[in-house]
There are 2 protein chains.
Amino acid sequence: MTSTAAEPAALEPRERVVTAAAELFYARGIQAVGMDEVRGAAGVSLKRLYAEFPGKEQLVLAVLDWRREQWETGLARAVEQADEPRARLLAVFDFLEDWFADDSFRGCGFINAFGELGATSPSVAAATRAHKQAFQDYVARLARDAGADETLGAQLALLAEGAQTTAAIAGCGDSAEVAHRAAEVLIDAALAQR
Amino acid sequence: MTSTAAEPAALEPRERVVTAAAELFYARGIQAVGMDEVRGAAGVSLKRLYAEFPGKEQLVLAVLDWRREQWETGLARAVEQADEPRARLLAVFDFLEDWFADDSFRGCGFINAFGELGATSPSVAAATRAHKQAFQDYVARLARDAGADETLGAQLALLAEGAQTTAAIAGCGDSAEVAHRAAEVLIDAALAQR
DNA sequence: TACAGTAGAGAACGATCGTTCTCACCGCAA
DNA sequence: TTGCGGTGAGAACGATCGTTCTCTACTGTA
């Protein structure tokens, strides 16, 4: 999922900047990484960097958008590997489990960015809100496909969010498995209720 | 003019600094608030501020410790209002619901601090980890008192964490109620299993 | 009154960072 | 060749911030 720092020359400068900035921001925090370091990691000049992004905020938003795209395609790929509606709901938590096992895992980049800049940057707050809303909608759709009502989707989304923060802070314990088992209970209860 | 010790309403300088810093850090982020602004809000001199805390990091840690204390006493008070073990478990989510309704609610201060400084400040990361671990232990104890096994506590803790981040980002929807209903399902399932 | 000690107010310092500017260099058309 | 538009490398600028230093006012004591 991550691209290494040494980018092949085939990538466009803009994409090199976004991927390098995404990696740096995620690993160390946004405010802890200066534009000059992004420039060095991306192998572009400051002039080019500011030609692509008029300011750091625009770069941050581009990184968040790139991360959202990565998240959505990865999640969809995991879900599509399952055929049955119930298994597709649980695939969300398998996806999380794989993610948490990654060495570079350091929590949800949106939650981190929101904690860091959400109070001072309305656009970062809006991007985070949109991303989380899309996730909730996606899970709600999977729940509806499984024959449950909207509530189940919201409940499973809460579990997924809690697993992400807990895995990040506790240093990647077994949050995904715990959430997975809780999800099974909630799904079965929701389906039995009908 | 400084307030004399005879005035009952005046807090000690150190406590004024901690509460003022806690409010500012929580509302706007830690790095967005300078020491000078903390000094102004607390009504102390820079000299006094640095006499109490040798650096900003120590102040941040003191704020986190104060916040942990506030959280623990508030949570314990909510839980103790319930008599039955099951109601005591659910009181955790009532506590969250009250908190989310606060106008100044902006998510869990520890999660925000972790997202902002966890990667660069080991002591902030450790304080966050300790706080979340203590919460998990507390819920696990409540679950054990209710006659369920350890797993239920971990599951409910995940729900609580997810409700906090979701309420913060979505702007305080009904996360607490959703988590509350999910908790009821999980508790009943855990108790029926025995 | 003189003096020592303390504390407040805020200037000052050094470092960092986002952003802009300078300047040398390269490819290329006339 | 000459001129020119564009680019890279990096110096420079202005602002912010954590931290320290200076100066002044005040308090208590002899």
Side-chain angles (χ1 to χ4, degrees), chain A residues 5-18 20-64 112-113 116-117 119-124, chain B residues 1-7 10-18 20-64 112-113 116-117 119-124:
Chain A
E7 295 294 338
L11 285 178
E12 292 299 312
R14 184 184 176 91
E15 196 169 354
R16 285 212 310 276
V17 170
V18 170
E23 196 166 336
L24 288 169
F25 288 167
Y26 182 65
R28 307 224 314 272
I30 294 171
Q31 296 180 90
V33 174
M35 292 294 269
D36 199 66
E37 192 171 359
V38 172
R39 172 196 64 98
V44 302
S45 68
L46 264 187
K47 195 172 207 170
R48 168 75 74 149
L49 179 52
Y50 277 92
E52 298 288 349
F53 306 97
K56 192 176 187 179
E57 173 137 25
Q58 283 80 6
L59 173 57
V60 170
L61 293 176
V63 164
L64 289 181
N112 294 344
E116 190 172 354
L117 298 173
T120 54
S121 167
S123 48
V124 167
Chain B
M1 280 295 272
T2 61
S3 52
T4 65
E7 286 179 291
L11 294 174
E12 291 300 310
R14 185 184 176 92
E15 196 169 355
R16 285 212 310 277
V17 169
V18 170
E23 194 168 337
L24 288 169
F25 289 166
Y26 183 64
R28 307 223 314 272
I30 293 171
Q31 296 180 91
V33 174
M35 292 294 270
D36 200 66
E37 192 170 358
V38 172
R39 172 197 64 97
V44 302
S45 68
L46 266 187
K47 195 173 209 170
R48 169 74 75 144
L49 179 54
Y50 277 92
E52 298 287 349
F53 305 98
K56 192 177 186 179
E57 173 136 27
Q58 283 79 8
L59 173 58
V60 171
L61 293 176
V63 165
L64 289 182
N112 294 344
E116 190 172 355
L117 297 173
T120 53
S121 167
S123 48
V124 167

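Chain naming here is simple, since letters A, B, ... match the order of the sequence lines and numbering starts at 1 in each.
Residues of residues 37-45 of chain B that place a heavy atom closer than 4.0 Å to DNA chain D do not occur. In the region residues 21-30 of chain B, proximity to DNA chain D at under 4.0 angstrom, judged on heavy atoms, holds for none of the residues. Near DNA chain D, defined here as any heavy-atom distance below 4.0 Å, there are no residues from residues 53-62 of chain A.
From one end of the helix from C:dT1-D:dA30 to C:dA30-D:dT1 to the other, with five pairs defining each end axis, the axis direction shifts by 30° (rounded to 10°).
A:Glu57 meets the salt bridge (Lys or Arg N to Asp or Glu O under 4.0 Å) test with no other residue; sequence neighbours excluded. Evaluation of the side chain to side chain contact (heavy atoms under 4.5 Å, CB included) rule for A:Glu52 yields A:Arg14, A:Arg48 as partners, not counting sequence neighbours. Judged as a side chain to side chain contact (heavy atoms under 4.5 Å, CB included), and not counting sequence neighbours, the contacts of B:Ala113 are B:Ile30, B:Leu64, B:Val124. With sequence neighbours excluded, the residues satisfying side chain to side chain contact (heavy atoms under 4.5 Å, CB included) with A:Ala119 are B:Arg106. B:Ala51 meets the side chain to side chain contact (heavy atoms under 4.5 Å, CB included) test with no other residue; sequence neighbours excluded.
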Could you give me the CA-CA distance, side-chain angles and deciding distance for B:Val18 and B:Phe53, then say whether side chain to side chain contact (heavy atoms under 4.5 Å, CB included) is met?
-> CA-CA 10 Å; B:Val18 170; B:Phe53 305 98; 3.7 Å; yes

Could you go step by step and tell me if A:Phe25 and A:Val38 meet the side chain to side chain contact (heavy atoms under 4.5 Å, CB included) rule?
-> CA-CA 9 Å; A:Phe25 288 167; A:Val38 172; 4.2 Å; yes

For A:Val63 and A:Val60, what are the C-alpha separation, side-chain angles and deciding distance, and is it a side chain to side chain contact (heavy atoms under 4.5 Å, CB included)?
-> CA-CA 5 Å; A:Val63 164; A:Val60 170; 5.6 Å; no

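Rounded to the nearest 0.5 Å, atoms CG (A:Leu46) and CE (A:Met35) are 7.5 Å apart. To the nearest 0.5 angstrom, B:Lys56 atom NZ is 8.0 Å from B:Leu117 atom CG.
The stretch residues 32-47 of chain A participates, sequence neighbours left out, in these side-chain hydrogen bond (donor to acceptor under 3.5 Å, both in side chains) pairs: A:Arg28-A:Glu37, A:Asp36-A:Arg39.
In this structure, B:Lys47 places its NZ atom 10 Å from P of C:dT6, rounding to the nearest Å.
Using modelled atom types, one side-chain atom of A:Gln58 and one backbone atom of A:Gly55 make a donor-acceptor pair closer than 3.5 Å. Side chain of A:Glu116 to main chain of A:Gln31: a donor-acceptor pair is present (N/O by atom type, distance under 3.5 Å, no hydrogens or angles).
Summarising the geometry of A:Ala32 relative to B:Thr120, their closest heavy-atom pair is CB-CG2, 4.0 Å, with the distance given to 0.1 Å. Residues B:Gly29 and B:Val33 share a closest heavy-atom pair of O-CG2, 3.4 Å.
Extent of DNA chain D lying under 4.0 Å from chain A heavy atoms, first and last nucleotide in 5' to 3' order, is D:dT7 to D:dA11.
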